[in-house]
Amino acid sequence: MLGPRKPIIVGGAPEGEGSLRRTLGWPHLVALGIGAIVGTGIYTLTGVGADRAGPAVILAFAIAGAVCACAALAYAELATMIPASGSAYTYTYSVLGETLGWIVGWSLILEYSVACSAVAVGWSAYLVGWMQAGGVLLPQALLVSPHAGGIVNLPAVLVALTVSGMLMAGTRESATFNIILVVIKLTALAVFAALTLPAFDADNLSPFMPFGFGSTVQGGEPRGVMAAAAIVFFAFYGFDAVATSAEEAKDPGRDLKIGIIGSMLTATTIYMLVALGAIGAISYTVLAESAEPLAFVLRALDHPMAASAVALAAVIALPSVILVMMYGQSRIFFVMSRDGLLPRWASKVSQRTGSPVVVTGVTGVFVALFAGFFTIGDLAELANAGTLLAFISVGACLMILRRTQPDLPRVFNCPQPYVVGALAIAGCTYLLLSLPGMTLVRFIIWNAIGLVIYMVYGRRRSLLRGKLSVANKASPDLR
């Protein structure tokens, strides 16, 4: 029922045609992780989280970060043990079987694509705010999606297509450019923390938990700490994109664990400081009304120059998140195609750049369409659903492999694997169930469509099933 399992080749990855070039060192991977993690989540979802949890959005960040930390440790062990592209899809295929592997891979396609779109929408908000602060006004109908009263979010569409073009130019070139964007982004957040923390007012933290802890519907909107955690969770993941680069890491055993754990620790520290500075500086009720909360806080504290600088940094640097997420999505699509579950044209690698150009372009168009016609809240929640399912699967794979194949060489050994795996599964399941009901319905519909595609196309063209069929015919006595 669960299908065949892909053989685990420790330290191995395909070579020759259909393989990816090893061009990335650990600095590239740390920057990729930080580039994906530190972005729209902290720049724009701070206000959305504050609206749902009040000052307790700080606690929501801590809860989401703790859950992601458990998932990150599981990823680090699996990524260094099975350094092949595909991330959670590959691990699930190898441990739990092809059918569950497909479901996780299909969910990851949703995660990365929709996450890219959400970041593009957040970037658009900062661009518009920065331009309006400079006196440049554009037609509102071209700046927001139909759900927000416009026609299309044109800036979000344009940035998605631009980043897609950059990735098509080559992986190493894109990763190097990403390092520059990450430096700009971290500098802006450091300036924000330095200016807001001295203005901290304890009165802004009272009442700390106005909507309670659990996720409930109040006034027609999801409220509570867990409702906020379920959406600010979007602000933390991104380290899993590092795992998708396994085949392109120069020294996977060393570089992947540094990239995953290093980027997660750096981002979590930054998030707590920035969230504390924002919530402590002004009332959460005011913060919740802004689409560009960090710049808004600085303007409220009478730092107009710093506000413009932070907004400009977001405009310049947020595309790094789109770049990393789009990179991850194209690699998931690439590996599923290489396994025969998706059309073979998606796994064609450019001889000039060593990257899958065609699928990257298709990804860019798909991301642009979502960015142009949906709001950031809808996109972030839907992306979170796909990610949470993948993290649940990774936690399960970690524990199952420790039980079934304890002697496999492990470059990085996750401490207390059964505790970490169980916490990752329990935490992600709770966050998944804390998402709005309509988001879960959309996620179920997405995977139902995926299963139909798998049964009609992928299952019939699976290369692994084909190899097993040939082997069975050659050795009928082994059936």
Side-chain angles (χ1 to χ4, degrees), residues 6 13-14 18-20 24 32-33 36 71 75 78-79 82-96 98-117 163-164 167-168 171 174 237-249 256 260 321-349 355-367 370 382-394 397 443 446-447 449-451 453-454 457-458 462-464:
K6 185 187 294 188
S19 64
L20 301 170
L24 305 179
L32 280 173
Y75 262 97
L78 293 174
I82 313 173
S85 280
S87 179
Y89 157 74
T90 296
Y91 315 147
T92 306
Y93 197 167
S94 299
V95 179
L96 300 176
E98 185 178 273
T99 304
L100 290 179
W102 167 273
I103 292 173
V104 170
W106 191 249
S107 296
L108 285 173
I109 290 174
L110 178 72
E111 170 202 337
Y112 286 125
S113 298
V114 178
C116 285
S117 303
V163 171
S164 174
L167 277 172
M168 292 170 70
T171 299
S174 300
Y237 65 79
F239 63 84
D240 55 329
V242 176
T244 68
S245 67
E247 285 184 35
E248 293 162 280
L256 287 173
I260 292 172
V321 186
I322 306 173
L323 185 149
V324 179
M325 291 294 186
M326 196 176 293
Y327 166 88
Q329 196 279 339
S330 65
R331 269 47 181 183
I332 295 295
F333 215 133
F334 167 82
V335 177
M336 293 179 74
S337 167
R338 192 172 63 187
D339 289 339
L341 303 183
L342 290 173
R344 296 290 291 172
W345 55 261
S347 59
K348 291 183 178 178
V349 176
S355 61
V357 173
V358 177
V359 72
T360 301
V362 171
T363 299
V365 173
F366 188 69
V367 168
F370 267 94
L382 193 54
N384 284 357
T387 308
L388 287 164
L389 180 64
F391 285 7
I392 290 169
S393 178
V394 169
C397 289
F443 182 58
W446 169 263
N447 273 298
I449 293 171
L451 281 173
I453 294 174
Y454 170 68
Y457 182 92
S462 166
L463 294 185
L464 180 57

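This is a predicted model, so every value here is computed, not measured.
In this structure, Ser107 and Phe443 have side chains that are in contact, with non-hydrogen atoms separated by less than 4.5 Å. Using a 4.5 Å heavy-atom cutoff, the side chains of Leu78 and Cys397 are in contact.
Between the CD1 atom in Ile82 and the OG atom in Ser87 there is a gap of 11.0 Å [rounded to 0.5 Å]. Put simply, CG on Asn384 and CZ on Phe391 are 9.5 Å apart, with the number rounded to the nearest 0.5 Å. Note that the CD1 atom of Ile332 and the OG atom of Ser337 stand 12.5 Å from one another [nearest 0.5 Å]. Here the straight-line distance linking atom CD1 of Ile103 with atom CG of Leu451 works out to 4.5 Å at 0.5 Å rounding.
Applying the side-chain hydrogen bond (donor to acceptor under 3.5 Å, both in side chains) test to Tyr93 and every residue at least two apart in sequence or in another chain returns Glu98. Qualifying ring pair (Phe, Tyr, Trp, His ring centres under 6.0 Å) partners for Phe370, counting only residues two or more places apart in sequence or in other chains: Phe366, Phe374. Scored by the side-chain hydrogen bond (donor to acceptor under 3.5 Å, both in side chains) test, Ser117 finds no partners at all (sequence neighbours excluded). The side-chain contact (heavy atoms from CB on, under 4.5 Å) test applied to Ser94 returns Lys6, Ile8, Thr90, not counting sequence neighbours.
Closest non-hydrogen pair, Ser113 versus Val367, comes out as O-CG2, 3.6 Å. Arg344 and Arg338 make their closest contact through NH1-O, 2.8 Å (heavy atoms, listed as atom of the first residue, atom of the second, distance). Between Ala390 and Tyr75, the shortest heavy-atom contact is CB-OH, 4.3 Å.
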(request) Output, in order, the C-alpha distance, side-chain angles, deciding distance and verdict of side-chain contact (heavy atoms from CB on, under 4.5 Å) for Tyr91 and Val104. (result) CA-CA 10 Å; Tyr91 315 147; Val104 170; over 6 Å; no
(request) Show the numbers, then the answer: is there a side-chain contact (heavy atoms from CB on, under 4.5 Å) between Leu110 and Leu389? (result) CA-CA 11 Å; Leu110 178 72; Leu389 180 64; over 6 Å; no
(request) Could you walk me through whether Thr363 and Ser164 pass side-chain contact (heavy atoms from CB on, under 4.5 Å), step by step? (result) CA-CA 8 Å; Thr363 299; Ser164 174; 6.0 Å; no
(message) Could you walk me through whether Asp339 and Ser462 satisfy the side-chain contact (heavy atoms from CB on, under 4.5 Å) test, starting with their C-alpha distance in whole Å, then the side-chain angles of each, then the deciding distance to 0.1 Å, before giving a yes or no?
(response) CA-CA 6 Å; Asp339 289 339; Ser462 166; over 6 Å; no
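Taking the six-membered ring where the residue is Trp, Trp446 and Trp106 present parallel rings, their angle staying beneath 30° rather than reaching 60°.
At distances below 3.5 Å, not a single donor-acceptor pair connects side-chain atoms of Trp102 with backbone N or O atoms of Ile453.
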